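I have placed the structure first, in the form of structure tokens, so that the comments after it can refer back to it.
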Amino acid sequence: MERAAIKVYNTMTRQKEEFVPRDGNRIGIYVCGVTPYSHTHLGHARPNVIWDVVKKFLRSQGYETYHVQNFTDIDDKIIARANEQGVAPLELAQEFIDEYLASMDALGVERADVYPRVSQHIPEIIALVEELVAKGYAYAANGSVFFDVSSFPGYGKLSNQKRDELLEGTRFEVDPAKRDAADFALWKAAKRGEPAWDSPWGPGRPGWHIECSAMSHKYLGCAFDFHGGGSDLIFPHHENEIAQSEAATGEQLARFWVHNGMLNFQDEKMSKSLGNFVTVQDLAKRYPKELLRYYILSTHYRSELEYYEGKLEEMSRGWKRLNQAVTNLEALLRSPDLRRDVSAEDEKALARIGEIQEGIVQALADDFNTAQALGLLFDLVREVNAYSNQDIQPSQIVLEKAEAVFQKYARDILGIVQGKAASGESSLVEPLMGLMLEIRQELRASKNFALADKIRDRLQEMGVTVEDTPRGPRWKIEGVSSDAEL
RNA sequence: GGCGGCAUAGCCAAGUGGUAAGGCAGAGCUCUGCAAAAGCUCCAUCCCCAGUUCGAAUCUGGGUGCCGCCUCCA
């Protein structure tokens, strides 16, 4: 198949670069996951939905993807919270991991290929720390091991930080065991009451960044294709990962660094520590997942995205029009008397649909510009609605072509249009509605509008909308094909 | 204090040198028994100043404002 040239913005070089996979068709992706000590919120949903779309798009272009996402299930915050609640830290982590995965399912996000956890990779982590010590990049002190930042010349290359200026204006207390304040822990000596593992330096546990170096290397090797995460991870997390990994292997950690913008709530970053979050579980109960994705994808992934109460309701108006267009198109496609030929007018329509499709591919290939793709999808909405409203009978060929574009991009890749209404559902509804509308048509024909309107009103009260179109009446039940009603 | 990023209509949001996509809201119109849906038309010169250029929202310099990171964070 013909592939579009894919360009991706690389945080490392601060520009868009053409992307070619490391190994032919196979694309290795590592996206930083979460520290599961609290609820999964909308801010977490963003990178997941974005990468879900990226993966699906890349596959539609004929690539294979291998996606790794970690869980940092050993961490100060987990331990602190577990102690508060009197449960085991790993138990607490498991609880939030379950919620996290359920949240992603609720958003229609495809699972990663592997979800490695720190607690299950202690030997790999210890081996990596030992290697760094042996190579002179790290030193042990008081049962802990620190990375010696001065030993790695490239330190700061991702975030553009200068080592001398790093500590200016910092607000935290420096561990006295460190030789330099900028050094960071690879291994932390155990304190009482904390989970600990045996190591060459005594009982302890991994520092924050080391797990990503150990696990990305285990599952993806060196210089894998994409390393992703929120822009808040650029420093220190990703900078430190680079130092650890590249010092140990002598090779590049990842080829493309892809960072998504923050999701703001009332002009502030939504985050667990600020407590200003809305959980995915809660949102998924209130809104269809396709609407949530539509909202997230309506802005380019590198920009900030604003959330506020009522935002989804605002978004839903346009989103409904898109969905309705697809639903109507599919209903029309089922009607028996479509033209099978292709007129000169049809050729023009086919050409326009083809242009739109090509535009969507180009938009997604250009740094995954979902916002632009959405705009094009609305062009298609208008095209299709206008075409279907013509006096002449529409051509099946044209409708099928448009439907295929909606199916592939709006449904399969972006996931912003609801699935086809479950056909054959509820045995009686179809024929009963058919009968009802048939009678109502007869009432209208005999100008008994009062009764005809009463039927329509009463049905509306029950949640069934009836629309009289030039091609006969049409009915729909709100949210019939969704998990939640709007 | 250091390092990034952003600033486009009432709101949201694409567009990185060639004369402003798209969505929501608003106004008018068409279709319609009515309603709904849909379609059509209208609705901005791109934070400010100074440059470069035949030509800039797009490049350069200087302002102003906002956000993120430098502490856990997607």
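In what follows, chains are A, B, ... by sequence order, proteins preceding strands, each numbered from 1. Below, each value reflects all heavy atoms present in this structure, side chains not excepted, and no hydrogens, waters or symmetry copies. All values derive from a computational prediction rather than experimental measurement.
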Nucleotide N/O of nucleotides 64-66 of chain B paired with protein N/O under 3.5 Å:
none

Closest to the side chain of A/P236, out of B/rA74, B/rC70, B/rC24, is B/rC70
>> Can you classify the ring geometry of A/F226 versus A/F368 as parallel (below 30°), tilted (30 to 60°) or perpendicular (above 60°)?
In response: perpendicular
Worksheet item: On a whole-Å scale, what distance lies between the C1' atoms belonging to B/rU32 and B/rA37?
Response: 11 Å
(Q) Side chains of A/Y155 and A/N240 only: does a donor on one sit below 3.5 Å from an acceptor on the other? (A) yes
Which value, in whole Å, describes the distance between the P atoms of nucleotides B/rU45 and B/rA21? 13 Å
When every non-hydrogen atom of A/V118 is compared with those of A/I125, the smallest separation belongs to CG1-CD1, 3.8 Å
Ranking B/rG23, B/rA74, B/rG68 by distance to the side chain of A/F378, first place goes to B/rG23
Show the distances under 3.5 angstrom between N or O atoms of the protein and N or O atoms of nucleotides 4-13 of chain B.
| from | atom 1 | to | atom 2 | distance (Å) |
| --- | --- | --- | --- | --- |
| B/rG4 | OP1 | A/N160 | ND2 | 2.4 |

Residues passing the salt bridge (charged side-chain N to carboxylate O under 4.0 Å, His left out) test with A/E467, sequence neighbours excluded, are A/R474, A/K476
Sorted by chain and number, sequence neighbours left out, salt bridge (charged side-chain N to carboxylate O under 4.0 Å, His left out) with A/E309 holds for A/R286
Comparing A/S231 with A/Y37, nearest RNA chain B nucleotide closer to 5' gives the residue A/S231
As its Watson-Crick or G-U partner within any shown strand, both distances under 3.5 Å, B/rU32 has none
Any Lys/Arg nitrogen of A/K157 or A/E246 sitting under 4.0 Å from an Asp/Glu carboxylate oxygen of the other? yes
Open item on the list: Could you check whether any side-chain heavy atom of A/L374 comes within less than 4.5 Å of a side-chain heavy atom of A/L414, counting everything from C-beta outward?
Closed with: yes
Residues at least two apart in sequence or cross-chain that pass salt bridge (charged side-chain N to carboxylate O under 4.0 Å, His left out) with A/D468, listed by chain then number, are A/R440, A/R444, A/R456
Closest to the side chain of A/Y294, out of B/rG23, B/rG15, B/rA74, is B/rG23
Between A/A4 and A/Q362 the two heavy atoms that sit nearest each other are CB-NE2, 4.3 Å
Margin query: Between A/H39 and A/E99, does the side-chain hydrogen bond (donor to acceptor under 3.5 Å, both in side chains) criterion hold? Intermediate values first, please.
Written below: CA-CA 7 Å; A/H39 299 287; A/E99 181 191 313; 2.8 Å; yes
Taking atom types as modelled, is there a side-chain donor on A/S213 or A/E241 under 3.5 Å from an acceptor on the other? no
message: At 4.0 Å (heavy atoms only), tell me whether A/D75 reaches a base, stays on the sugar-phosphate, or touches nothing.
response: nothing
- Which value, in whole Å, describes the distance between the P atoms of nucleotides B/rA9 and B/rC47? 8 Å
Given protein heavy atoms under 4.0 Å, the one-letter contact record of nucleotides 34-42 of chain B, with B base, S sugar-phosphate only and - none, is simply BBBSSSS--
* **Whole-Å C1' distance, B/rG17 and B/rC59** => 8 Å
Item checked: ring pair (Phe, Tyr, Trp, His ring centres under 6.0 Å) between A/Y295 and A/Y287, worked out -> CA-CA 11 Å; A/Y295 156 66; A/Y287 308 102; 9.3 Å; no
By the Watson-Crick or G-U definition, both distances under 3.5 Å, B/rG68 is matched with B/rC3
Answer for the Watson-Crick or wobble partner of B/rC43, both distances under 3.5 Å, is none
Note: for A/A450 and A/R46 on RNA chain B, the residue whose nearest nucleotide lies more 5' is A/A450
With rounding to the closest Å, how many angstrom separate the C1' atoms on B/rC34 and B/rU19? 47 Å
Next item on the list: Considering only atom P, compute the distance from B/rU64 to B/rU53 and round it to an integer number of Å.
Entry: 28 Å
